[in-house]
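So the structure is just underneath, and the comments pick up after that.
Basis for what follows: all heavy atoms, side chains included, without hydrogens, waters or symmetry-related copies. All ligand and atom numbering here is 1-based and tracks the order in the structure.
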Amino acid sequence: MSLSISLTVNGASKVVPIEDPRVTLLDLLRERLVLTGTKKGCDRGQCGACTVLVDGRRINACLALAVSVDGADILTIEGLAKGDRLDPVQAAFIEHDGFQCGFCTPGQIMSATGLIREGEADGDPERVREGMSGNLCRCGAHAGIIEAVLDAQRRVAEQERRIA
Ligand code: FES
Ligand code: FES
């Protein structure tokens, strides 16, 4: 059986042939589109290293079949920066030491981006901690991660005020 799906990935339209309908969005991104920023820590929905945004909402890419996101708009860590200019969430992670080995970091940053867009945890450390609890970090960078997300929320709000 051969089929293909259409996707927008980081703003670019793509038509991708799918030889095996069992392929996950995570493997499609990493192995077919060579976007290796999205990581595979468990492949079973338990670590969050594969978090990406699909139509603006964060999901675990290891739990989504590629065929199930036909027509979707996907944002991965590679699509956040504008040229050389880091996204405010990326910049905040660097400034607050929100990572060490860096393996969980793309998932953390995409999850933080989703959380900020959801607008549910504005400025509340407890709710940010809860909202980020699907992203594990073995390096124990959680304190820096929470600070980074809180700071990124402030920066994004500031940016939006300036644009409005
Ligand atoms: S690789 Fe998807 S949740 Fe761990
Ligand atoms: S920075 Fe190493 S697992 Fe989080």
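Between Val9 and Val16 there is no side-chain heavy-atom pair separated by less than 4.5 Å. With contacts defined as side-chain heavy-atom distances shorter than 4.5 Å, the pair Ile18/Ser4 does not qualify. The shortest side-chain heavy-atom distance between Val128 and Gln153 falls under the 4.5 Å cut-off. Residues Gln108 and Val149 fail the side-chain proximity criterion, which asks for heavy atoms closer than 4.5 Å.
For atom 1 (S) of ligand 1, the nearest protein heavy atom (residue, atom name, distance) is Asp43 N, 3.2 Å. Scanning all protein heavy atoms for the shortest distance to atom 3 (S) of ligand 2 gives Arg138 N, 3.3 Å.
Nearest approach of Arg58 to Gly131, heavy atoms of both residues: NH1-O, 2.9 Å. Across all non-hydrogen atoms, the minimal contact from Cys42 to Cys47 is SG-N, 3.5 Å.
Numbered from 1 in the order shown, with element, the atoms of ligand 1 that lie under 4.0 Å from a heavy atom of Gly41 read 1 (S). If you number the atoms of ligand 2 from 1 as listed, the ones under 4.0 Å from a heavy atom of Cys101 come out as 1 (S), 2 (Fe), 3 (S). Atoms of ligand 1 lying under 4.0 Å from at least one heavy atom of Cys50, given by number and element, are 1 (S), 2 (Fe), 3 (S). Interface of Gln46 with ligand 1, defined as ligand atoms under 4.0 Å from a residue heavy atom, comprises 3 (S). For ligand 2, the atoms closer than 4.0 angstrom to any heavy atom of Gly102 are 1 (S), 2 (Fe). Every atom of ligand 1 is numbered from 1 in the order shown, and the set under 4.0 Å from a heavy atom of Gly45 is 3 (S).
Backbone or side-chain N, O or S atoms of Cys137 do not reach atom 2 (Fe) of ligand 2 at under 2.8 Å. Counting backbone and side-chain atoms alike, Cys47 contributes an N/O/S atom closer than 2.8 Å to atom 4 (Fe) of ligand 1. Among the atoms of Cys104, none of the N, O or S atoms falls under 2.8 Å from atom 2 (Fe) of ligand 2. Put simply, Cys42 gets within reach of atom 4 (Fe) of ligand 1, with an N, O or S atom under 2.8 Å from it.
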* **salt bridge (charged side-chain N to carboxylate O under 4.0 Å, His left out) evaluation trace for Glu130 with Arg127** => CA-CA 5 Å; Glu130 175 67 27; Arg127 296 185 66 192; over 6 Å; no

* Can Glu158 and Arg155 be said to form a salt bridge (charged side-chain N to carboxylate O under 4.0 Å, His left out), step by step? -> CA-CA 5 Å; Glu158 174 71 14; Arg155 290 178 198 212; over 6 Å; no

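The closest approach between any non-hydrogen atom of Ala141 and ligand 2 is not below 4.0 Å.
Residue-environment remark: CZ (Arg138) stays at or below the threshold of 12 foreign heavy atoms within 6.0 Å.
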